[in-house]
Q: 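Got a structure for you, questions after.
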Amino acid sequence: MNAAPGRIGVLTLDTLVRLSRGPTEGAPRAAHRLTVPEGMTAPLGCDAVAVPARLGSLALPRLPRVGCVYADEAHWWWLVPSDSDYALDWPAPARYATGAIVPDAPQVPGLIHRPDGTLPYTPPIPLYLTLCRLTDTQPTWSRPISA
């Protein structure tokens, strides 16, 4: 059914969903999951924290222990135990990825650091504090509480 010129036709739910997703030029990129290297175990599950590559290179030497770190051209991805976002607002531009799923990546980022031992995790609190310092963000627990 065509609408008269200057009038908007009826929009269906399917149309609204398609419009909310934006243009559909080209195929959407697949999401990839960062995998734990062979010989390592992840008893606490895995999530990931992504930071722009420029921050990743600054954070690495400041951490007391570094777990598995993956990188692509734009981001570094740090494996952390599942639920490491509980009660933490990771500072922008860091992004928290539940399940260590890397969205919209053309390919799986490559492993650039593997720790000694069998645990793939970077301790989340030192990583969080380091990223807060690098982004000049006050840690969640240091912020004033409003009534």
Q: In this structure, would L88 and Y96 fall into the same cluster of hydrophobic residues linked by side-chain contacts under 4.5 Å?
A: yes

Q: With a 4.5 Å cut-off on side-chain heavy-atom distances among I, L, V, M, F, W and Y, is there a chain of contacts connecting L63 to L111?
A: no

Q: Can you get from V69 to L131 by hopping between Ile, Leu, Val, Met, Phe, Trp and Tyr side chains that sit under 4.5 Å apart?
A: yes

Q: When you look at CD of E73, are more than 12 heavy atoms from neighbouring residues, nucleotides or ligands closer to it than 6.0 Å?
A: no

Q: What distance do T41 atom OG1 and L44 atom CG have between them, rounded to the nearest 0.5 Å?
A: 9.0 Å

Q: Quick one: NE2 on H32 to CH2 on W77, what's the gap to the nearest 0.5 Å?
A: 11.0 Å

Q: Apply side chain to side chain donor-acceptor pair (under 3.5 Å) to T118 and list each qualifying residue two or more places apart in sequence or on a separate chain.
A: none

Q: Go through the side-chain N and O atoms of T140 and Y128 and say whether any donor and acceptor fall under 3.5 Å apart.
A: yes

Q: List the atom of L79, the atom of P120, and the distance in Å for their closest heavy-atom pair.
A: CB-O, 3.7 Å

Q: Could you check whether any side-chain heavy atom of P93 comes within less than 4.5 Å of a side-chain heavy atom of L55, counting everything from C-beta outward?
A: yes

Q: In terms of heavy-atom contacts, does CZ of R65 have more than 12 from other residues, nucleotides or ligands at under 6.0 Å?
A: yes

Q: Please report the interatomic distance NE2(H75) to CZ(R54), rounded to the nearest 0.5 Å.
A: 9.5 Å

Q: Any chance you could lay out the side-chain contact (heavy atoms from CB on, under 4.5 Å) test for S84 and V49, step after step, and finish with the verdict?
A: CA-CA 9 Å; S84 292; V49 176; over 6 Å; no

Q: Which distance, rounded to the nearest 0.5 Å, do you find between the NE2 of H113 and the CH2 of W78?
A: 8.5 Å

Q: Test of understanding: with side chain to side chain donor-acceptor pair (under 3.5 Å), list the residues that count as partners of D72, not counting sequence neighbours.
A: none

Q: Hey, quick one: are V51 and L127 part of the same hydrophobic cluster, counting side-chain heavy atoms closer than 4.5 Å, chains of contacts allowed?
A: yes

Q: Identify, with sequence neighbours excluded, every residue that meets side chain to side chain contact (heavy atoms under 4.5 Å, CB included) alongside P64.
A: P126

Q: Is the closest side-chain heavy-atom distance between P115 and T122 below 4.5 Å?
A: no

Q: Treating D47 as the side-chain partner and V80 as the backbone partner, does any N or O pair qualify as donor plus acceptor under 3.5 Å?
A: no

Q: To the nearest 0.5 Å, what is the distance between OG1 on T98 and CG on D85?
A: 5.5 Å

Q: To the nearest 0.5 Å, what is the distance between CH2 on W76 and CG on L60?
A: 5.0 Å

Q: Evaluate the side-chain contact (heavy atoms from CB on, under 4.5 Å) criterion for residues V108 and T35: first the C-alpha distance (whole Å), next the side-chain angles of each, then the deciding distance (0.1 Å), finally the verdict.
A: CA-CA 9 Å; V108 179; T35 58; 6.0 Å; no

Q: Hey, quick one: are L34 and W90 part of the same hydrophobic cluster, counting side-chain heavy atoms closer than 4.5 Å, chains of contacts allowed?
A: no

